[in-house]
Amino acid sequence: MARNESKVAAGWWDFTTLDKDILDAAAALTADDLVGLSRDGFTVSIYDTVQEFYNAQALEYIEAWRQATPDRPAGICGPIGPVEQLPLVAQIVNAIGLDLKHAHFWGMDEWVVDGKTVPVTHPLSFERADMEMLFNRIRPELAMPRENLHFPGTDPKPFIDSWDQARCVIMQGGQGEVKHWAFNDPPRRTGEYADTPMPPAEYRKLGTRLVNLHPLTMIQNARSSGGGRVQDVPNQAMTVGPRETWKAETVSIWQRAIDDNPLGIRLTAYMISKKMPDTAVPMSLLADHPQVRFNYLRSSIGECVLKI
């Protein structure tokens, strides 16, 4: 049977092309049901307060960086979105005197304009946000060496090569409206994949690369970062790929229903728990990753009901 057409973006794959039974099953999940989706290799946790939620997220940086040694450097790959954890990370590092000499950090992605990643002077620069909200706040004697900070650039090769310089203990991220991690958006509905999505095994071969952004991603970022100014949001980005993601020992996703919604934050947990990877829902590909954590803020779980 032919897959559904997208309800939101003609010519693209996305979650609206799934069978309605899958979407309805996800929509029916309660908070207790979400916790019950945990299985070997997939853990669901719920935090009752905003403070607990972002503090736990910040502590994942500490968890990763504490494992870094001269013989075995280690680090974390982190997002811009959410960002509330970043100042907390700097505060904790300074408070406990954590020396980051052998620690590493990988930025997940960066905007691209006219074929080049944007400079740190760009108002939407992810690298600038990481530096201003985290790394520039760490005491100089504890600071991570600049060469241990890795951000994807116009030429992705140096960033790709950096994944072999240290262990990535944790890849941390949020979930976008189109059910992506980083900017791993669903592909266009063209060529050999016009009728069925790209097989998960093929998508997983993709490394850090230039991507064209799904219209839902454009709308989401215009809303969250530009007051709706979609005309000023780039439609391309350089993003960390599934190939690098599978080098991370753990993938930790923080679900607060700001960048996505109550249905979306249920759907991906359901598909991962049931081992239903589908490239129309990129986050669902984590069903095949050996260690995944989903973390929810209870007040953001909400309900999936139709009402005026």
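Being a predicted model, the structure only gives us computed values, none of them experimental. Throughout, residue positions are numbered sequentially from 1 according to the sequence presented.
- Aromatic ring centroids of Phe135 and Phe105 lie under 6.0 Å apart.
- One N or O on the side chain of Trp65 and one on the backbone of His104 form a donor-acceptor pair closer than 3.5 Å.
- A salt bridge links Glu202 with Lys205: the distance from a Lys NZ or Arg NE/NH1/NH2 to an Asp or Glu carboxylate oxygen falls below 4.0 Å.
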Exercise. Stepwise, does the side-chain hydrogen bond (donor to acceptor under 3.5 Å, both in side chains) test hold for Thr208 with Glu244?
Worked result: CA-CA 7 Å; Thr208 300; Glu244 289 78 34; 3.0 Å; yes
For this session: Decide yes or no on side-chain contact (heavy atoms from CB on, under 4.5 Å) for Arg293 and Glu60, but give the supporting numbers first.
Result: CA-CA 11 Å; Arg293 304 172 185 165; Glu60 286 191 338; 2.8 Å; yes
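- Side-chain N/O atoms of Ser252 and Gln172 include no donor and acceptor closer than 3.5 Å.
- By the side-chain contact (heavy atoms from CB on, under 4.5 Å) test, Lys116 is found to be paired with Thr154, residues two or more places apart in sequence or in another chain being considered.
- Summarising the geometry of Pro277 relative to Pro200, their closest heavy-atom pair is O-CG, 3.8 Å, with the distance given to 0.1 Å.
- The environment of Arg39 atom CZ is dense: over 12 non-hydrogen atoms of other residues, nucleotides or ligands sit within 6.0 angstrom.
- Separating the CD1 atom in Ile76 from the CD1 atom in Ile170 is a distance of 5.0 Å, to the nearest 0.5 Å.
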Exercise. Step by step, would you call Glu127 with Arg146 a salt bridge (Lys or Arg N to Asp or Glu O under 4.0 Å)?
Worked result: CA-CA 12 Å; Glu127 180 177 351; Arg146 187 60 183 83; 2.8 Å; yes
Exercise. Given Ile265 and Asn261, is the side-chain contact (heavy atoms from CB on, under 4.5 Å) satisfied, shown in steps?
Worked result: CA-CA 6 Å; Ile265 66 176; Asn261 53 56; over 6 Å; no
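- Using cut-offs of 30° and 60° on the angle between ring planes, the pair Phe159 and Trp163 is perpendicular.
- The pair Arg3-Asp278 meets the salt-bridge criterion, with a side-chain N (NZ, NE, NH1 or NH2) lying under 4.0 Å from an Asp/Glu carboxylate O.
- Within a 6.0 Å radius of CG in Asp114, other residues, nucleotides and ligands contribute 12 heavy atoms or fewer.
- Judged by distance alone, the side chain of Ser224 and the main-chain N or O of Gln220 form a donor-acceptor pair under 3.5 Å.
- With hydrogens and angles left out, the side-chain atoms of Glu249 and Gln291 include no donor and acceptor closer than 3.5 Å.
- Qualifying ring pair (Phe, Tyr, Trp, His ring centres under 6.0 Å) partners for Tyr203, counting only residues two or more places apart in sequence or in other chains: none.
- A distance of 7.0 Å separates CE of Met133 from CD of Glu84, quoted to the nearest 0.5 Å.
- Taking a 6.0 Å sphere around CZ of Arg66, one finds it holds 12 or fewer heavy atoms contributed by other residues, nucleotides or ligands.
- The CD atom of Gln175 sits 7.5 Å away from the CD1 atom of Ile253 when rounded to the nearest 0.5 Å.
- For Phe294 and Phe42, the ring centers are positioned less than 6.0 Å apart.
- Under the 3.5 Å distance criterion, the side-chain polar atoms of His180 are left unmatched by any main-chain donor or acceptor of His214.
- Under a cut-off of 6.0 angstrom, the local environment of CD in Gln91 is sparse, with at most 12 non-hydrogen atoms contributed by other residues, nucleotides or ligands.
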Problem set entry | Test log, rule side-chain contact (heavy atoms from CB on, under 4.5 Å), inputs Arg167 and Gln67 | CA-CA 9 Å; Arg167 294 166 55 217; Gln67 297 183 42; 2.9 Å; yes
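- In Gln231, the CD atom is crowded: over 12 heavy atoms of neighbouring residues, nucleotides or ligands sit closer than 6.0 Å.
- The shortest non-hydrogen separation linking Asn184 to Gly241 is OD1-CA, 3.9 Å.
- Residue Glu110 is tested with Ile80, Val120, Leu124, Val118 for a side chain to side chain contact (heavy atoms under 4.5 Å, CB included); the sole match is Val118.
- A donor-acceptor contact shorter than 3.5 Å is absent between the side chain of Asn235 and the backbone of Leu213.
- Here Trp254 contributes atom CH2 and Asp259 contributes atom CG; the two are 15.0 Å apart, rounded to the nearest 0.5 Å.
- A donor-acceptor pair is defined here as one N or O able to donate and one able to accept, closer than 3.5 Å; such a pair exists between the side chain of Thr279 and the backbone of Met198.
- The residues Glu132 and Arg137 are annotated as not salt-bridged, no charged nitrogen and carboxylate oxygen being separated by less than 4.0 angstrom.
- Between the side chain of Asp161 and the main chain of Pro158, no donor-acceptor pair closer than 3.5 Å is present.
- Contact record, Gly173 with Pro82: C-CD, 4.5 Å, taken as the closest heavy-atom pair.
- Other residues, nucleotides and ligands place more than 12 heavy atoms under 6.0 Å from the CG atom of Asp48.
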For this session: Take Lys247 and Asp164 through the salt bridge (Lys or Arg N to Asp or Glu O under 4.0 Å) test and state the conclusion after the steps.
Result: CA-CA 9 Å; Lys247 291 184 178 182; Asp164 295 323; 3.2 Å; yes
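- For Trp111 and His122, the ring centers sit 6.0 Å or farther from each other.
- Closest approach of Ser300 and Ala257 over heavy atoms only: O-CB, 3.2 Å.
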For this session: Might you work through the side-chain hydrogen bond (donor to acceptor under 3.5 Å, both in side chains) test for Ser6 and Asp14, ending with a clear yes or no?
Result: CA-CA 6 Å; Ser6 171; Asp14 56 54; 2.5 Å; yes
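- Taking each heavy atom of Thr117 and Met238 in turn, the nearest pair found is CG2-CB, 4.0 Å.
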Exercise. Checking side-chain contact (heavy atoms from CB on, under 4.5 Å) for the pair Phe183/Val240: CA distance, chi angles, key distance, verdict?
Worked result: CA-CA 8 Å; Phe183 279 129; Val240 67; over 6 Å; no
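- The shortest non-hydrogen separation linking Pro73 to Gln165 is CG-O, 3.5 Å.
- Cation-pi geometry between Arg189 and Trp12 is not satisfied (NZ or CZ under 6.0 Å from the ring centre, within 45° of the ring normal).
- To the nearest 0.5 angstrom, Asn221 atom CG is 14.0 Å from Arg229 atom CZ.
- With hydrogens and angles ignored, the 3.5 Å screen pairs a side-chain donor or acceptor of Asn94 with a backbone N or O of Arg139.
- No donor-acceptor contact under 3.5 angstrom links the side chains of Tyr47 and Arg256, judged on distance only.
- No donor-acceptor pair closer than 3.5 Å links the side chain of Arg223 to the backbone N or O of Ile219.
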